[in-house]
Amino acid sequence: MSPRPLTVRLISATAALVGIVCVAASASAAAAPTGDVAAPRLVVQSHTRSDVPAYVEFRYQTGSVAGMTAAAAARADGILGMLVEKPYQAALTAKTSRCAGGTADCGYFLQRLRSYPCVSGVLCVASQVGLLVPGNNGSTSYVDTRAIDTRTGARLPLSRFVPADRRSAFLSAVNAGIQRELAAGGIVDDPLWSTPVAMRLVTSWLPRADGIHVWFAKYDVAPGSFGDVHVRVPWSVLG
């Protein structure tokens, strides 16, 4: 049976967890938030497909947002729908090869959607994705995120929380956090992993009460054995 397409309309919101490969408002930029607050509720549904050739498991989640106005929820649902559509389609169209040892099925696609307590006025959503393309020797895993204005349903940019005059301090804190993670895993001053990351690589982040949490995909800033790398930048760094 040919894989059936997943439409954005069907999956108004999305996300992901990795089983085999990886594990994991308006807030003023100048003032630290007072604490985590409840965001509008994310209603999640789990799905499993058994008709995708060469995949042992193909599991994903869809959902919708409750607690916003109809217009804001529709806008947020569209944003979250695209969050799952991209990895879903990538798994379906990935270039595959024969499974080792003559095994018929050897691929995995595992995705989970979750929301985090966030700063006031922001819905924080994270999609954890794990993908092992059939016949490939290595897996991919990453966390993709969206910070959404609960009033308008619009996606918020990082610049909303990191003003231009604090960007350098923010990046320094991010890179220091990466080096701490590497050191905890026994890697210190390794030329391969010591190059500071630029702002363009900070794409997965969420503003929480204790700071801005940042995620990097497997292999981006550390060896594959580290999986996804997660660091936190305290609000104090942003002044």
Side-chain angles (χ1 to χ4, degrees), residues 14-24 46 49 52 54-61 80 82-97 99-100 103 105-116 124-147 158 170-171 173-208 211-233:
T14 81
L17 163 27
V18 177
I20 57 155
V21 259
C22 78
V23 317
S46 297
R49 289 191 59 172
V52 184
Y55 277 87
V56 178
E57 287 189 64
F58 199 100
R59 294 191 282 113
Y60 62 97
Q61 292 185 324
L80 297 178
M82 291 306 298
L83 185 62
V84 72
E85 179 76 4
K86 185 176 180 180
Y88 180 96
Q89 292 297 339
L92 289 180
T93 60
K95 186 176 181 180
T96 64
S97 59
C99 297
T103 304
D105 300 326
C106 58
Y108 288 83
F109 177 67
L110 305 173
Q111 185 183 49
R112 178 177 177 240
L113 179 67
R114 67 167 296 181
S115 60
Y116 285 95
C124 285
V125 178
S127 171
Q128 295 175 292
V129 180
L131 174 63
L132 177 60
V133 176
N136 285 21
N137 292 325
S139 61
T140 299
S141 69
Y142 62 90
V143 177
D144 201 359
T145 62
R146 297 293 184 270
L158 182 57
F170 173 78
L171 273 179
V174 168
N175 282 292
I178 293 171
Q179 293 306 312
R180 283 194 298 271
E181 291 297 309
L182 288 169
I187 298 180
V188 180
D189 297 328
D190 186 326
L192 185 62
W193 303 109
S194 59
T195 302
V197 301
M199 202 70 174
R200 60 183 175 79
L201 293 179
V202 182
T203 59
S204 295
W205 55 273
L206 292 174
R208 303 192 63 193
I212 297 180
H213 292 244
V214 181
W215 288 265
F216 294 95
K218 185 179 180 181
Y219 305 114
D220 272 4
V221 296
S225 59
F226 282 67
D228 303 326
V229 174
H230 167 241
V231 301
R232 178 181 65 88
V233 177

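This chain uses plain numbering: 1 for the first residue, then up along the sequence.
In this structure, NE2 in H230 is found 10.5 Å from CZ in F216, a value given to the nearest 0.5 Å. Taking CD of E57 as the start and CG of D105 as the end, the distance is 11.0 Å to the nearest 0.5 Å. Considering CD of Q111 and OG of S127, their distance stands at 4.0 Å, rounded to 0.5 Å. R232 contributes atom CZ, which lies 12.0 Å from atom CH2 of W215 (distance to the nearest 0.5 angstrom). Rounded to the nearest 0.5 angstrom, S139 OG and L110 CG are separated by 10.5 Å. Distance check: F109 CZ to R59 CZ gives 11.0 Å after rounding to the nearest 0.5 Å.
Checking side-chain atoms of N175 against main-chain N and O of V197 turns up a donor-acceptor pair under 3.5 Å. With hydrogens and angles ignored, the 3.5 Å screen pairs a side-chain donor or acceptor of Y55 with a backbone N or O of A91. Checking side-chain atoms of Q89 against main-chain N and O of V84 turns up no donor-acceptor pair under 3.5 Å. Counting only distance, with no hydrogens or angles, the side chain of S115 and the backbone of C124 share no donor-acceptor pair below 3.5 Å. T145 contributes a side-chain N or O that, together with a main-chain N or O of W205, makes up a donor-acceptor pair within less than 3.5 Å. Under a 3.5 Å cut-off, the side chain of D190 and the backbone N or O of L192 do form a donor-acceptor pair.
Residues D220 and L201 have side chains not in contact (no heavy-atom distance under 4.5 Å, counting atoms from C-beta outward). Considering only heavy atoms from C-beta on, L158 comes within 4.5 Å of F170 through its side chain. Counting heavy atoms from C-beta on, the side chains of Q179 and V221 never come closer than 4.5 Å.
When every heavy atom of P134 is checked against every heavy atom of C106, the shortest pair comes out as CA-SG, 3.7 Å. Closest approach of K218 to G224, counting heavy atoms only: CE-O, 3.3 Å. Across every non-hydrogen atom of P191 and T195, the tightest pair is O-OG1, 4.2 Å. For the residue pair A147 and L206, the shortest heavy atom distance occurs at N-CD2, 4.3 Å. Shown here for V129 and P87, the closest heavy-atom pair between the two residues is CG1-CB, 4.2 Å. Residue L182 comes nearest to A222 through the heavy atom pair CD2-CB, 3.6 Å, listed as atom of the first residue, atom of the second, then distance.
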Test L171 against V202 for side-chain contact (heavy atoms from CB on, under 4.5 Å), laying out the working first.
CA-CA 9 Å; L171 273 179; V202 182; 4.2 Å; yes

Evaluate the ring-ring contact (aromatic ring centres under 6.0 Å, His included) criterion for residues F58 and Y88: first the C-alpha distance (whole Å), next the side-chain angles of each, then the deciding distance (0.1 Å), finally the verdict.
CA-CA 9 Å; F58 199 100; Y88 180 96; 5.6 Å; yes

K95 and V133: side-chain contact (heavy atoms from CB on, under 4.5 Å), yes or no, with the steps?
CA-CA 8 Å; K95 186 176 181 180; V133 176; over 6 Å; no

What do the steps show when you test Y142 against D144 for side-chain contact (heavy atoms from CB on, under 4.5 Å), and what is the final call?
CA-CA 7 Å; Y142 62 90; D144 201 359; 4.1 Å; yes

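D228 and S141 share a donor-acceptor pair across their side chains, judged by distance under 3.5 Å alone.
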